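Here is the structure we will look at, set down as structure tokens.
Quick caveat, the model's predicted, so the values are computed rather than measured. Note that these values count all heavy atoms, side chains included, but never hydrogens, waters or copies made by symmetry. Both ligands and their constituent atoms are indexed starting at 1 by order of listing.
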Amino acid sequence: MALRIERIPTLSDNYTYLLVCPKTGEAAVVDAPEEAPVVRRVEAVGARVTRILSTHHHPDHSMANPALRERYGAPVFGHVSDAHRIPGFTDGLEEGDEISVGENTARILFIPAHTRGHIAYYFPDSQAVFCGDTLFAAGCGRLFEGTPEMMWVALHEKLGKLPGQTLVYCGHEYTESNLRFALHVEPDNPAIRARLERVERIRARRAPDWHDATPDEMTIPTTIAEEHETNPFLRARDPEELGRLRKMKDSF
Ligand code: ZN
Ligand code: FE
């Protein structure tokens, strides 16, 4: 049975996710910068947190790990190379490793580029991938510790090769501004224009405080197929073009 996936709005535009195995009630928290909203959601759905997962070490994805680890007595996972810098880290993962959440299993994709130790959690049976700050809806993460070539591999050879219907759960609600950039790059792409109009309607409903966001104002998840149609970084022809786009976006 597929995971129940709860989207928890945190900080000012971050997504934290609670993944619940419907059979066993066991749950994983993905990318938690704040403890309170997670605890409230865990109690609301009656889950039992057994895993704390980080996609990368940035504080807006990991700051609450120690508090959650203490509260739930659950191990904290991240890439092996980030053992020294993911808060609360206990267990290292590498490309191809598997990790279970109740009766659901994730396969680890190693996708360094935004940071050197970035990973994604791919659950084939739930058709869902949690990819942090690497692939965003209509965009990609900044290259803090990697090169355009590394982002090319992450986007085109790993995430982009997942089945088209795979749901993409990324680390931030950046979709609207990403689509404005996408339209600037490809003004004649009707799929981008239609998507921007749809997203503007969704985001016009937003609450003043992101913490109060309800699902009807969230543009995540997206799908791998939709990203192939509208994401300029997945549409780039080669690593050089991807690098040029990323540079342009840095100052857009
Ligand atoms: Zn980050
Ligand atoms: Fe982030």
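Checking His61, His56, His58 one by one against Asp31, the side chain to side chain donor-acceptor pair (under 3.5 Å) holds for a single residue, His61.
Coordination check, Asp133 versus the Zn ion (ligand 1): passed, since an N/O/S atom of the residue sits under 2.8 Å. The nearest N, O or S atom of His61 is closer to the Fe ion (ligand 2) than 2.8 Å. Backbone or side-chain N, O or S atoms of His61 do not reach the Zn ion (ligand 1) at under 2.8 Å. Inclusion of His58 in the first shell of the Fe ion (ligand 2) is not supported: no N, O or S atom falls under 2.8 Å.
Classification of the Phe136-Tyr174 ring pair by plane angle, with boundaries at 30° and 60°, yields perpendicular. Note: Phe181 and Phe233 have parallel aromatic rings, judged against thresholds of 30 and 60 degrees for the angle between ring planes.
The backbone N or O of Glu229 sits less than 3.5 Å from a side-chain atom of Arg235, completing a donor-acceptor pair. For Trp210 (side chain) and Asn14 (main-chain N/O), a donor-acceptor pair under 3.5 Å exists by modelled atom type.
Restricting His58 to its N, O or S atoms, the one at the least distance from the Zn ion (ligand 1) is ND1. Taking the Fe ion (ligand 2) as reference, Asp60 places its N/O/S atom OD2 nearest. Its N, O or S atom nearest to the Fe ion (ligand 2) is what matters here, and for Asp133 that atom is OD2.
For the residue pair Ser62 and Ser54, no side-chain donor N or O sits within less than 3.5 Å of a side-chain acceptor on the partner.
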